[in-house]
Protein chains: 2
Amino acid sequence: MTTTSPQGRTELLRPDGSPVRVLVVDDELSITELLSMALRYEGWQIRSAGDGTGAVQTAREFRPDAVVLDMMLPDMDGLAVLGRLRRELPDVPVLFLTAKDAVEDRIAGLTAGGDDYVTKPFSLEEVVARLRGLIRRSGAADRRSDSVLVVGDLTLDEDSHEVSRAGENIHLTATEFELLRFLMRNPRRVLSKAQILDRVWSYDFGGQANVVELYISYLRRKIDAGREPMIHTRRGAGYLIKPAAS
Amino acid sequence: MTTTSPQGRTELLRPDGSPVRVLVVDDELSITELLSMALRYEGWQIRSAGDGTGAVQTAREFRPDAVVLDMMLPDMDGLAVLGRLRRELPDVPVLFLTAKDAVEDRIAGLTAGGDDYVTKPFSLEEVVARLRGLIRRSGAADRRSDSVLVVGDLTLDEDSHEVSRAGENIHLTATEFELLRFLMRNPRRVLSKAQILDRVWSYDFGGQANVVELYISYLRRKIDAGREPMIHTRRGAGYLIKPAAS
DNA sequence: CGACAGTCTGTGATTTTCCTGAGAAACACA
DNA sequence: TGTGTTTCTCAGGAAAATCACAGACTGTCG
């Protein structure tokens, strides 16, 4: 089930209308904090754990609808944690967090079961999107909630990563796609450059703040080129997207 | 939940009808005083603290719905305070105060969790507006409370920063927007130039007092141009806004 | 009716914010 | 390893916003 809040944001809910529950497992406090904050903002209920044993314990009583699991934990191997979690919660989908270089090793096989992974350092948009996808597909939330964002004649499919305007297909790079997704998930709302940076770029990004301007400029070339513009600048405040006709 | 007071001001209230509670943390007394006064004027209950330990203590027993937190405190780092606050109050939104040049400095990630920040020197209008936004979105106040101010046929949307009169869209600059917001949040009430300067301009503004006249003049050109005027001068007293038909 | 304080607004200097081209570095994939 | 793509920095320039200043205007009161 999904509802649309007055702000226009779409929230995932369980079939009985209660909020989705997510367990976050990572040994770095800053990461669990960051994720907890961001996921709570999605309207979800969050618990966190700092190691494998804590994770299993919390899972037993919290019964989450999804788990975010760092593969590198102090007390046990990621796979061991996974095994025990599965004993408690056979069907819960898991989003793995893993270092960039350690990807192919063992994760590949795991995602076959419907799980998914993101590499550190991640962007919050990516984690949230993946989690939404996992929860949606697991059936913990209403299946009909679909994966297509629409604003005016602009369309973005979160599953296939396809974007089109007025029926015409548009190719976006990964970053452009995430930026557009963030904008489209908050239509008609001004988003500051800081918000965008925090949400779309990875948490350890230390670069110039004007990347946002740059990528807005890229998006405009691809999406607004020669058409009625949908991406608008609010000088001194940020950017927003809205249907062309208004 | 919102109610409309006899003066026509709309107040944010918690779902049970009690006033919103805000904790202000800053080591400069002049700042906490300034903020406390302004926020009390909103009808909120305010407590303040001058350092991190005091903040955590106060938070524990005061249970605020939002916190205003200076990043530069004498006893501990802003992020450390945040961590401890979060242990007490996991879901409370935080508005950070930070020096202008220190922005890039580790504000990273903070706006992603639904928190927000303003840079010193700030204007009170801005702080109040941000706080209202945070509280509204956090669910401490009724979610149905929306973000549109209406006076007569004039409309101002705090989310999209859109302003229209009689259906016609009007573009305002950032300062014009804040001035109009202040007027519209106090319809039919005379606001002195000093009040306006104190609320809409940042507290360290050292310029000529006639900026207010100047910006009122800008607003009139855009809002009242060729129409029944809504912005009125009360010579020797100040300005007020009211619906055209009266 | 005249004078004065208070208010309005045109002009332009200064500052801030934003946009975008060019190219370097990192990356992806064959 | 090589090639094409993507990400990002840097810097110049354009545009917009802010504000000081000064002269015009207006309401009020003697």
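Below, read A as the first sequence line, B as the second, and so on, with proteins coming before strands; counting in each chain starts at 1.
If you check every strand for non-hydrogen atoms under 4.0 Å, A/L214 touches a base. Nucleic acid contact for A/E213: base, since at least one base atom lies under 4.0 Å from a heavy atom of the residue. Counting non-hydrogen atoms under 4.0 angstrom, B/F177 reaches nothing in the nucleic acid.
Contact check, B/W201 against D/dT18: no side-chain N or O comes under 4.0 Å of OP1 or OP2. Put simply, B/K193 has a side-chain N or O that comes within less than 4.0 Å of OP1 or OP2 on C/dT7. Side-chain N/O atoms of B/R221 include one lying less than 4.0 angstrom from OP1 or OP2 on C/dG10. Close to C/dC8, at under 4.0 Å from its OP1 or OP2, lies a side-chain N or O of B/R220. Regarding contacts with the backbone of D/dA17, every side-chain N or O of B/T175 stays at 4.0 angstrom or more from both OP1 and OP2. For A/S217, a side-chain nitrogen or oxygen approaches OP1 or OP2 of C/dT20 to under 4.0 Å. Between A/H232 and C/dC18 there is no side-chain N or O to OP1 or OP2 distance below 4.0 Å.
Aromatic rings of B/W201 and B/Y215 (six-membered ring for Trp) have centroids within the 6.0 Å cut-off, being under it. Taking the six-membered ring for Trp and the full ring otherwise, B/H161 and B/F177 have centroids separated by under 6.0 Å.
A/R235 contributes a side-chain N or O that forms a donor-acceptor pair with the base of C/dT17 under 3.5 Å. Evaluation of atom-type donor-acceptor distances gives no pair under 3.5 Å for the side chain of B/Y215 against the base of C/dC8.
Side-chain N/O atoms of A/S147 and A/R137 include no donor and acceptor closer than 3.5 Å.
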